[in-house]
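Shown next, in structure tokens, is the structure this report addresses.
Quick note: residue numbers are just sequence positions, from 1.
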Amino acid sequence: NIGVMYDVNEKVTLGLSYRSRIRMKVKEGTVELDYASEKIKNALDATGLIPPLDKGTFHAQLPLPSNTTLGVSYRPSERWEVALDLQFVGWSAYDSLNVVFNEKVLKLDDIKAEKNYKNTMTYRLGARYMATERLDVRLGVYYDQSPIRKHFYNPETPGMGKIGMSTGLSFEPYRNLVIDVAFLYIQGISRDGSYTQRNVLTGQNETFSGHYKSNAVTASLGLSYRF
């Protein structure tokens, strides 16, 4: 992580930050199988269609993208401050999800699930108003692009473009004691998508498709004290 901030003048401040890509690794993952009854377990074992997943391990890795953010804030008056953030997310690092089975007893081919993510941008705009010496009011909005291409959409990661709207305030009831309250609403931009992947049991390609939509509400409360 690296960042720099520069005060151009009393009204304008510029900031630039970079966070490198991180690769998360699972060196020896395990699986547990639970059946509704011993009878069902014996019947499935007899068919040979269900591999003994609980008798083996696997390893895999997942990249987390790099982030580059440019921000600028402008203070037109003593009470107002407006800020704009432009964030570039290097999602193209996530080209595939590879799962390698360590033991041949599983009788499974390794999985290479193509993701082919694309780089995205996130745009944020916010404002702060100093209502009094003890009360700050904030309002913001952002748009976060989806990195998933239309024909690589899958139920594992139903991501989509999102619009977020937030509001909040900071109140100082006593000197150096600050109470923060915030509220965020996120609305996903619904979309249709499909994803084709090989079934490791049958060896055939299967297509998942559907209509995806999402929304979320987040409320937060913070308490801080300055010494």
Side-chain angles (χ1 to χ4, degrees), residues 1-24 62-95 116-149 157 159-191 214-227:
N1 295 278
I2 188 172
V4 61
M5 186 174 69
Y6 176 64
D7 292 324
V8 180
N9 52 48
E10 294 183 353
K11 292 187 175 183
V12 179
T13 299
L14 296 176
L16 179 66
S17 67
Y18 172 77
R19 185 182 68 196
S20 64
R21 185 179 70 176
I22 300 173
R23 187 171 295 278
M24 300 192 303
L62 173 68
L64 297 181
S66 62
N67 286 266
T68 304
T69 304
L70 173 66
V72 57
S73 66
Y74 174 62
R75 295 170 290 278
S77 68
E78 292 183 357
R79 291 183 178 272
W80 280 98
E81 181 176 12
V82 180
L84 172 67
D85 275 6
L86 303 176
Q87 181 179 2
F88 174 81
V89 186
W91 272 117
S92 61
Y94 191 23
D95 55 352
N116 198 23
Y117 276 22
K118 60 183 178 181
N119 297 329
T120 63
M121 290 290 298
T122 302
Y123 307 90
R124 298 182 179 90
L125 179 65
R128 181 185 69 168
Y129 176 67
M130 299 175 60
T132 68
E133 292 184 356
R134 295 188 175 186
L135 177 64
D136 289 356
V137 181
R138 300 181 183 89
L139 187 67
V141 63
Y142 75 84
Y143 171 62
D144 183 11
Q145 294 179 335
S146 170
I148 305 176
R149 303 177 190 273
T157 51
M160 61 192 72
K162 295 179 289 293
I163 297 176
M165 294 166 283
S166 63
T167 184
L169 58 86
S170 295
F171 178 60
E172 188 174 1
Y174 302 101
R175 183 179 179 83
N176 296 330
L177 177 65
V178 179
I179 300 173
D180 294 303
V181 179
F183 177 84
L184 169 65
Y185 174 74
I186 302 174
Q187 178 63 61
I189 301 175
S190 60
R191 59 183 289 187
S214 68
N215 59 71
V217 177
T218 302
S220 60
L221 175 66
L223 183 67
S224 61
Y225 184 80
R226 296 188 296 268
F227 294 94

>> A side-chain contact here means heavy atoms from C-beta on lying under 4.5 Å apart; do Ile186 and Tyr142 qualify?
In response: yes

>> So which atom in Glu172 and which in Asn176 form the shortest heavy-atom distance, rounded to 0.1 Å?
In response: OE2-N, 2.7 Å

> Any idea how Tyr94 and Trp91 line up, ring-wise: parallel (<30°), tilted (30 to 60°), or perpendicular (>60°)?
Replying inline: tilted

>> Please determine whether side chain to side chain donor-acceptor pair (under 3.5 Å) holds for the pair Gln145 and Tyr143, giving the CA-CA distance in whole Å, both sets of side-chain angles, and the decisive distance to 0.1 Å.
In response: CA-CA 7 Å; Gln145 294 179 335; Tyr143 171 62; 5.0 Å; no

> Between atom OG of Ser20 and atom CG of Asn1, what is the distance when rounded to the nearest 0.5 Å?
Replying inline: 6.5 Å

> Of Val12, Thr13, Leu84, which meets side chain to side chain contact (heavy atoms under 4.5 Å, CB included) against Tyr74?
Replying inline: Val12

>> Can you confirm whether Arg175 sits close enough to Leu177 that some side-chain heavy atom of one is under 4.5 Å from a side-chain heavy atom of the other?
In response: no

>> I need the Met130 CE to Arg75 CZ distance, nearest 0.5 Å.
In response: 11.5 Å

>> For a 4.5 angstrom cut-off between non-hydrogen side-chain atoms, does Leu125 reach Val82?
In response: yes

>> On a heavy-atom basis, which atom in Gly161 and which in Ser146 lie closest, and how many Å separate them?
In response: N-CB, 3.4 Å

> At what distance, to the nearest 0.5 angstrom, does OG1 of Thr68 lie from CZ of Phe88?
Replying inline: 7.0 Å

> How about Tyr123 and Asp85: do any of their side-chain heavy atoms sit closer than 4.5 Å?
Replying inline: no

> Can you list the steps and then say if Glu81 with Lys11 is a salt bridge (Lys or Arg N to Asp or Glu O under 4.0 Å)?
Replying inline: CA-CA 9 Å; Glu81 181 176 12; Lys11 292 187 175 183; over 6 Å; no

> Can you find a pair of side-chain heavy atoms, one from Pro65 and one from Arg21, that are under 4.5 Å apart?
Replying inline: no

>> For a side chain to side chain donor-acceptor pair (under 3.5 Å) check, start with the C-alpha distance between Thr69 and Arg19, then their side-chain angles and the critical distance, and finish with the verdict.
In response: CA-CA 9 Å; Thr69 304; Arg19 185 182 68 196; over 6 Å; no

> Any side-chain heavy atom of Val217 within less than 4.5 Å of one from Phe183?
Replying inline: yes

>> Counting only heavy atoms from other residues, nucleotides and ligands, does the tally under 6.0 Å from CZ of Arg23 exceed 12?
In response: yes

> So which heavy atom on Pro173 is nearest to which on Ile179, and how close?
Replying inline: CG-CD1, 4.1 Å

> Would you say Met5 has more than 12 foreign heavy atoms packed within less than 6.0 Å of its CE?
Replying inline: no

>> I want to check something: taking the side chain as every heavy atom from C-beta on, are Asp136 and Arg138 in contact at a cut-off of under 4.5 Å?
In response: yes

> Which heavy-atom pair separates Ser214 from Gln187 by the least distance, and what is that distance?
Replying inline: O-NE2, 3.3 Å

> Looking at Ala93 and Pro63, what are the two nearest heavy atoms and their distance?
Replying inline: O-CG, 3.5 Å

>> Evaluate Asn116 against Asp95 for side-chain contact (heavy atoms from CB on, under 4.5 Å), listing each step before the verdict.
In response: CA-CA 4 Å; Asn116 198 23; Asp95 55 352; 5.7 Å; no

> If we only count heavy atoms from C-beta on, is the Gln87 to Met121 side-chain gap below 4.5 Å?
Replying inline: no

>> Salt bridge or not between Glu133 and Arg79? Use side-chain N to carboxylate O under 4.0 Å.
In response: no

>> If I take atom OG from residue Ser66 and atom CD1 from residue Ile22, how far apart are they, to the nearest 0.5 angstrom?
In response: 10.5 Å

>> Measuring from atom OH of Tyr117 to atom CD1 of Ile148, what distance do you get when rounded to the nearest 0.5 angstrom?
In response: 3.5 Å

> Quick one: CG on Leu169 to CG on Asp180, what's the gap to the nearest 0.5 Å?
Replying inline: 8.0 Å

>> If I compare all heavy atoms of Val178 with all of Ser170, which pair ends up nearest, and what's the gap?
In response: CG1-CB, 4.1 Å

